2 protein chains.
Amino acid sequence: MSSPPVGRRERKKAATRQALADAALRLFLERGYDGVSIKDIAEAADVSTTTLFKHFSGKEALVFDRESEQEAALVAAVRDRPPGRSVPAALRDHLLDRRRVAEEPGFAAFSKLVDTTPALRDHADRTWMRYRTTLAAAIAADAGVPEDDPACHALAHFALQALSLARDAEDPVRALHAAFSLLENGWNATGPAT
Amino acid sequence: MSSPPVGRRERKKAATRQALADAALRLFLERGYDGVSIKDIAEAADVSTTTLFKHFSGKEALVFDRESEQEAALVAAVRDRPPGRSVPAALRDHLLDRRRVAEEPGFAAFSKLVDTTPALRDHADRTWMRYRTTLAAAIAADAGVPEDDPACHALAHFALQALSLARDAEDPVRALHAAFSLLENGWNATGPAT
DNA sequence: GTGAAAAAGTGCAACGAGTCAACTTTTTGT
DNA sequence: ACAAAAAGTTGACTCGTTGCACTTTTTCAC
C-alpha cells in the first residue's frame, strides 16, 4: 500500500521509540538517572526490556535521542563564518552559543541532568569528541591543506575539549575565552603547515 | 606484637591484593579483558567476588594497580625543567618520554591491552585528566599567578589531552609535536595573564 | 489470491558487574 | 584471658545487557 517511506510498521516502530524516550526523560527528571531502572522505563512504555534495547543501544542513549545535527552545525560554523573571522574565533562563538541555548528554560533541567550524572556526562563527551575527524577535515579544507594535517586535528581536538574544560571551571565563559585565546594565538603563529 | 606498620593482618591483605592483581593481569593478557570475568579472577586468587571488590573499586582498577607517581612526575617535569625551556616544551618532552617507556618490551603487551580495550582506555583517560588541577597549579606557581588562573588550566587541560590526541593519530609523535607547537606559540603570545 | 519464506518485533531466561546484610576471624583494651 | 570492636569474608541479590526461541508482519513465487 505505502511502500515508499511510511509503512504502518515504521510508524509503530517510531511511536514505540518515542514513547520510550519520552518515558525515560520524564522518569529521569522525576527520580534521577540512577533512581530509574530499565525495567521501569520499559514498563512505562508497555514493552519488555529486550524491546527497549532493540531501539536504543544502552541506558544513556535514551537521553540523547534528538542529536547529531550538531556535527553539521560545527562544520557550518567553520565553513560559513563571517569573512575575516579566524577559525578559532568562529568555534569559540559557536560554543558560546551552544552554552546559551543549554541554559534556556526548556533545556535547563535537561542540561542539569546530564551534567550531574557521570554516566551521561561521559557519554555526551565521547559522542562529542567523535566529531573531531569531521571538524578537522573542515578546518583543513578551509586552510587548503590535506585533511589529515596534524595541526588541524590538534586544533579540532582542543576546540572540542574546550567544552568540558569550561564545564569544570567556576566561570565557564571566562574559561572558554582563556582557552580560545591560547588556541587563537597559537593557530595564528603556527598555521596548518607545521 | 608488631603494632607499627607491618602486622600479620596487613601482610595477608597486601598478599591477597597482589594475588588478585597478578591473576587479573595474567588472565587479561591470556584471554583478553572481556574474555575474563570477575568470578574467574576471584577464583584464580581463591577468594569470593565480594572480597575482590573490597580490594579494588572495579574491574578496570585491577589493571592500574601501580600508578599515581605519575602526577608527581608531571609536576616535576614543569618545576625542574632545564632553565630557558618553556613549560609547554617541558611537558611535550615528558609525554614523549612516557610514550617511549610504554613501548619497552616489558610494558608493550600491557600498553596494547589498555589501548585496545575501550573500558580500560576510558578509565586511564579519566584518571589521567584528574591531574589537571594539580598540573595547572604547578604551572601557575611557576608563572607567579594565582593557582586558579584560567589560562593555566587551559594549558594543563590541553597538554594532558595531547596524549589521547596522539593515541588516535596515525603518527603519534608527529601529532604530539603539532599539538605542542600550537600550545607553545599560543602560550608565548598569550601568557598566563589573559 | 495463496502459501511459504524472510524479516522484524517481542519476551523469557540467563550472564556479568557490582552491592548488601549477615557471619567469622583477628585485634585491642582491660 | 575475655569481651567488644574492627576488619575480612561470604552467599544472595539487583541492575544493565544479551542470546535464543516464538510470534507477527512483510515479501515474493506461483
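This is a predicted model, so every value here is computed, not measured. Just so we're on the same page: letters track the sequence lines, and every chain starts at 1.
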Hey, which of these two, A:Asp46 or B:Ser57, hits DNA chain C nearer its 5' end, going by closest nucleotide? A:Asp46

Parallel, tilted or perpendicular: which one describes the rings of B:His123 and B:Phe64, with boundaries at 30° and 60°? parallel

My understanding is that only one of A:Leu62, A:Leu20, A:Val47 makes a side-chain contact (heavy atoms from CB on, under 4.5 Å) with A:His55; could you say which? A:Leu20

A:Tyr33 has an atom OH; how far is it from atom C1' of D:dC15, in whole Å? 11 Å

Just N and O in the side chain of B:Lys54: are any of them under 4.0 Å from OP1 or OP2 of D:dG8? no

Does C:dC20 have its OP1 or OP2 closer than 4.0 Å to a side-chain nitrogen or oxygen of B:Thr50? no

Atom-to-atom span, NZ of A:Lys59 to C1' of D:dT18 - whole angstrom: 17 Å

Would you say A:Lys39 places a side-chain N or O within less than 4.0 Å of OP1 or OP2 belonging to D:dG16? no

Roughly, in whole Å, what's the span from CG in B:Asp40 to P in C:dA17? 8 Å

To the nearest angstrom, how far is B:Ile38 atom CD1 from D:dT10 atom P? 15 Å

Going by distance alone, is a donor N or O of one side chain under 3.5 Å from an acceptor N or O of the other, for A:Glu184 and A:Ser86? yes

Roughly how many Å is it from CG in B:Leu20 to P in D:dG8, rounded to a whole number? 13 Å

Is the side chain of B:Thr190 donor-acceptor paired with the backbone N or O of B:Trp187 at a distance under 3.5 Å, no angle test? no

Spacing between B:His123 atom NE2 and C:dA17 atom P, to the nearest angstrom: 15 Å

Tell me which nucleotide among D:dT10, C:dG18, D:dT18 gets nearest to the side chain of A:Phe53. D:dT18

Can you list the steps and then say if B:His157 with A:Phe158 is a side-chain contact (heavy atoms from CB on, under 4.5 Å)? CA-CA 9 Å; B:His157 187 100; A:Phe158 292 153; over 6 Å; no

Please report, rounded to the nearest Å, how far the P atom of D:dG8 is from the CG atom of B:Leu52. 14 Å

Remember a base hit wins even if backbone is also touched, and classify A:Ser37 as base, sugar-phosphate or nothing at under 4.0 Å, heavy atoms. sugar-phosphate

Please check the phosphate of D:dT9 (OP1 and OP2 only) for any side-chain N or O of B:His55 closer than 4.0 Å. yes

Does A:Thr49 place a side-chain N or O at less than 4.0 Å from the phosphate oxygens OP1/OP2 of C:dG11? no

Nearest-angstrom distance from the residue atom CD of A:Glu43 to P of C:dT10: 16 Å

Nearest to the side chain of B:Ser48 - D:dG8, D:dT17, D:dT9? D:dT9

